[in-house]
Amino acid sequence: MYMDPILSPIASGDIARTMTQDFILKTSGLTKEFKGFIAVSDVNLGIQRGHIHALIGPNGAGKTTCFNLLTKFLSPTRGTIHFNGVEITRDEPAQIARRGVIRSFQISAVFPHLTVMENVRIALQRKLGVSYHFWRSPGVLNTLNARAMELLGHVGFADFADMVTAEMPYGRKRALEIATTLALDPELMLLDEPTQGMGHEDVERVMQLIKKVAANRTILMVEHNMKVVSGISDAITVLARGSVLAQGTYAEVSTNSLVIEAYMGSAEAALGSQERD
């Protein structure tokens, strides 16, 4: 469980324990202004290595803007970002990705007219840097095929390797995006609403997939489905109007008076709603 007594109004105050925790990513005073409008204000995050950390909040809370700052699709107005103890505030998006910080949509939406394995293989080409001379080396092709099948097996898609992606249900396509993200060998995965638009069965499948892939990496996710958040998150940060409102476990943030007020309802009703950023 992640708890930072400096950052969280609901923390226990155990400073000695907190200082021994291993944070893979930390931000200090992270702020983004757009022509006088403050979208993200003085955000201090500490993402503990090996944890699933959820970033939640009501509409307009700044969740997606925060994600864009972390992956450098936006540059902060002020503040710093550190990854593995190294400041990456001024890095370009490609540099961030090479360090091992991968956001799911960076691989993008899957290619609908390619097979499942071909989608994963394209991501592997990017990782290995063979995208433009791939045709010259049959040996590379075989290597990529083997690795692609390994990744598909890891996410339970081996039986669908030859299926054209357009024929897959929506939920499986979103799961395939996670598989293509894995192809880039991320140390920190950023998942932006991974279960959005899914039915119950698909949500359950993706929840289990996220838990599985988190076994040897760290995950930071923006998620609106509170069943997912409560079911798999080790720590939660709540944003409201661009600022950190609370941090802690689901049990802690769901009963926090500031969080309840921000969601304008009871803890159960508020945190069970389908908020959007």
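All values below were derived from every heavy atom in this structure, side-chain atoms included, with hydrogens, water molecules and symmetry-related copies excluded.
Considering every non-hydrogen atom in both I102 and P186, the closest pair reads CG1-CB, 3.6 Å. Taking each heavy atom of T218 and G50 in turn, the nearest pair found is OG1-N, 2.8 Å. Contact record, I56 with E223: CG2-O, 3.6 Å, taken as the closest heavy-atom pair. For the residue pair L45 and C66, the shortest heavy atom distance occurs at CD1-SG, 4.1 Å. Residue A214 comes nearest to I219 through the heavy atom pair CB-CD1, 3.8 Å, listed as atom of the first residue, atom of the second, then distance. Between G29 and D42, the closest heavy-atom pair is CA-OD1, 3.0 Å.
Applying side chain to side chain contact (heavy atoms under 4.5 Å, CB included) to F157 and the options M168, M163, M117 leaves one that passes, M168.
Rounding to the nearest 0.5 Å places CG of N84 at 13.0 Å from NZ of K26. Atoms OG1 and CG, from T180 and L152 in turn, are 10.0 Å apart once rounded to the nearest 0.5 Å. To the nearest 0.5 angstrom, R103 atom CZ is 4.5 Å from T71 atom OG1. The line from CG of L220 to CD1 of I24 is 10.5 Å long, rounded to the nearest 0.5 Å. Rounded to the nearest 0.5 angstrom, S243 OG and L30 CG are separated by 11.0 Å. We find the CZ-CZ distance between R147 and R121 to be 15.0 Å, quoted to the nearest 0.5 Å.
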request  = Under the side-chain contact (heavy atoms from CB on, under 4.5 Å) rule, what do V206 and V228 come out as? Steps first, then yes or no, please.
outcome  = CA-CA 9 Å; V206 171; V228 176; over 6 Å; no

ask   = Run the side-chain contact (heavy atoms from CB on, under 4.5 Å) check on F23 and I47 step by step: do they pass?
value = CA-CA 5 Å; F23 295 104; I47 311 301; 5.8 Å; no

inquiry  = Quick one, I178 with M189, criterion side-chain contact (heavy atoms from CB on, under 4.5 Å). Give me CA distance, side-chain angles, the key distance, then yes/no.
reply    = CA-CA 9 Å; I178 294 177; M189 289 180 67; 4.0 Å; yes

inquiry  = Set out, in order, the CA-CA distance, both residues' side-chain angles and the distance that settles side-chain contact (heavy atoms from CB on, under 4.5 Å) for D192 and L190, then state yes or no.
reply    = CA-CA 6 Å; D192 198 348; L190 279 71; over 6 Å; no

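The existence of a salt bridge linking R99 and D91 is confirmed by a sub-4.0 Å separation between a basic side-chain nitrogen and an acidic carboxylate oxygen. Under 4.0 Å is where a charged nitrogen must lie from a carboxylate oxygen, and between K227 and E204 at least one such pair does. Look at K173 and E177 and you find no salt bridge, because none of the NZ, NE, NH1 or NH2 atoms lies under 4.0 Å from a carboxylate O.
Between I81 and L70 the shortest side-chain heavy-atom distance falls below 4.5 Å. Looking only at side-chain heavy atoms (C-beta outward), L25 and T27 come within less than 4.5 Å of each other. At a threshold of 4.5 Å between non-hydrogen side-chain atoms, the residues E193 and H224 count as touching. For the pair N225 and M207, the minimum side-chain heavy-atom distance is 4.5 Å or more. No side-chain heavy atom of E187 sits under 4.5 Å from any side-chain heavy atom of R217. Side-chain contact between V120 and L176 is present, with at least one heavy-atom pair separated by less than 4.5 Å. The side-chain heavy atoms of Q125 and L144, taken from C-beta on, include a pair separated by under 4.5 Å. Looking at L69 and V43, their side chains never come closer than 4.5 Å, going by heavy atoms from C-beta outward.
Hydrophobic clustering (ILVMFWY, side-chain heavy atoms < 4.5 Å, transitive): Y170 and F160 are in one cluster. Residues L258 and V238 share a hydrophobic cluster, clusters being chains of Ile/Leu/Val/Met/Phe/Trp/Tyr side chains in contact below 4.5 Å. Under the 4.5 Å side-chain heavy-atom criterion for grouping Ile, Leu, Val, Met, Phe, Trp and Tyr, L239 is connected to F34 within one hydrophobic cluster. Residue I38 is not grouped with residue V244 when hydrophobic side chains (ILVMFWY) are merged at heavy-atom distances under 4.5 angstrom, including chains of intermediate members.
Side chain of S233 to main chain of S230: no donor-acceptor pair is present (N/O by atom type, distance under 3.5 Å, no hydrogens or angles). Side chain of T77 to main chain of E33: a donor-acceptor pair is present (N/O by atom type, distance under 3.5 Å, no hydrogens or angles). In terms of modelled atom types and a separation under 3.5 Å, the side chain of K212 and the main chain of V155 share no donor-acceptor contact. At least one donor-acceptor pair under 3.5 Å links the side chain of T249 to the backbone N or O of E252.
By the neighbour-count criterion of 12 heavy atoms within 6.0 Å, atom CZ of R49 is densely surrounded, having more than that number from other residues, nucleotides or ligands. Residue D162 places its CG atom among 12 or fewer non-hydrogen atoms of other residues, nucleotides or ligands, all under 6.0 Å distant. Shown here is K211, whose NZ atom has no more than 12 heavy atoms of other residues, nucleotides or ligands within 6.0 Å.
Geometrically, K63 does not engage F67 in a cation-pi contact, judged by NZ or CZ lying under 6.0 Å from the ring centre and within 45° of the ring axis.
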